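In this text, all values refer to a predicted model and were calculated from it rather than measured experimentally. Only heavy atoms go into these numbers, but all of them, side chains included; no hydrogens, no water, no symmetry mates.
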Amino acid sequence: MSNPPPDPAALPTKPLYPIPPATLRAMVLTLARPLPDAPESAWQEVVQAGLDDLAALAPRDPIEAMLATQIIAAHAGSVDAYRLAFEPGTTAAEARRQRASGLALNRGVTGAMRLLKQQRL
């Protein structure tokens, strides 16, 4: 007979991990730049969305912070790859490569999310 998994609400929680500035800078540099004709506030919105995603992942230690930033970076890369795949003027071969890159990055996001969940248990 196996033991049921522990109730997540009953598990002790660790305080949020303060993300080092160098890690935040590195994460921000992975985010896709707005298009040239985007409003001036577009970059701030992209960065804020990345920070909001990081807050939602709520890393509790350096390993969780590493996984959270990898999730954000891979997700940003996959969205950008899909955008590039559907840009006007993209050749069929380029579109296939970009879609394949987006798919591979999504698999990375899924794997990192799984690792983050395991790390928390």
Side-chain angles (χ1 to χ4, degrees):
M1 178 168 190
S2 65
N3 293 332
D7 177 20
L11 294 174
T13 60
K14 295 183 344 186
L16 289 175
Y17 174 71
I19 310 294
T23 302
L24 286 174
R25 272 192 298 280
M27 182 197 78
V28 166
L29 292 175
T30 68
L31 303 174
R33 299 296 183 274
L35 297 175
D37 59 346
E40 288 185 30
S41 63
W43 178 240
Q44 287 83 11
E45 292 169 8
V46 168
V47 171
Q48 187 60 55
L51 294 172
D52 291 345
D53 291 343
L54 186 59
L57 292 168
R60 307 284 179 184
D61 60 40
I63 298 297
E64 287 186 16
M66 178 190 66
L67 290 169
T69 56
Q70 287 176 353
I71 290 165
I72 293 164
H75 176 67
S78 72
V79 170
D80 197 44
Y82 289 131
R83 181 190 60 79
L84 291 170
F86 295 105
E87 283 282 309
T90 300
T91 66
E94 290 170 337
R96 272 193 304 278
R97 277 194 300 275
Q98 293 297 341
R99 287 192 305 269
S101 293
L103 183 60
L105 287 162
N106 278 334
R107 282 192 295 266
V109 168
T110 302
M113 292 287 286
R114 191 176 307 116
L115 288 172
L116 182 59
K117 182 179 178 181
Q118 289 174 353
Q119 174 74 15
R120 290 183 174 165
L121 294 176

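Side-chain contact between Leu54 and Pro59 is present, with heavy atoms from C-beta onward closer than 4.5 Å. Proximity of His75 to Leu105: side-chain heavy atoms (C-beta onward) are nowhere separated by under 4.5 Å. Contact check for Leu115 versus Gln70: no side-chain heavy atoms found under the 4.5 Å cut-off. By the 4.5 Å heavy-atom criterion applied to side chains, Arg99 and Leu103 are not counted as neighbours.
For the residue pair Gly89 and Glu94, the shortest heavy atom distance occurs at O-OE1, 4.4 Å. Counting all heavy atoms, side chain and backbone alike, Ile71 lies closest to Ala112 at CG1-CB, 3.4 Å. Nearest heavy-atom pair across Gly50 and Ile72 is O-CD1, 3.7 Å. The minimum heavy-atom distance linking Asn106 with Ser78 is given by the pair OD1-OG, 3.1 Å.
Val47 is connected to Ile19 through a chain of hydrophobic side-chain contacts under 4.5 Å among Ile, Leu, Val, Met, Phe, Trp and Tyr, so both are in one cluster.
With a 4.5 Å cut-off between side-chain heavy atoms of Ile, Leu, Val, Met, Phe, Trp and Tyr, the cluster of Leu84 takes in none.
When the salt bridge (Lys or Arg N to Asp or Glu O under 4.0 Å) test is applied to Glu45, no partner is found at least two apart in sequence or on another chain.
Distance CE/Met66 to CG/Asp61: 9.5 Å, rounded to 0.5 Å. Atom OG1 of residue Thr110 and atom CZ of residue Arg107 lie 9.0 Å apart, to the nearest 0.5 angstrom. Here NZ of Lys117 is found 14.5 Å from CG of Leu67. Values are rounded to the nearest 0.5 Å.
Of the possible donor and acceptor atoms, one in the side chain of Thr69 sits under 3.5 Å from a partner among the backbone N and O of Ala65. At least one donor-acceptor pair under 3.5 Å links the side chain of Glu64 to the backbone N or O of Arg60.
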Let me have the donor-acceptor pairs involving side chains of residues 20-35, under 3.5 Å, with sequence neighbours excluded, atom names and distances please.
unit_1 : atom_1 : unit_2 : atom_2 : d
Thr30  : OG1    : Met27  : O      : 2.5
Arg33  : NH1    : Leu31  : O      : 2.8

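By the neighbour-count criterion of 12 heavy atoms within 6.0 Å, atom CE of Met113 is sparsely surrounded, having that number or fewer from other residues, nucleotides or ligands.
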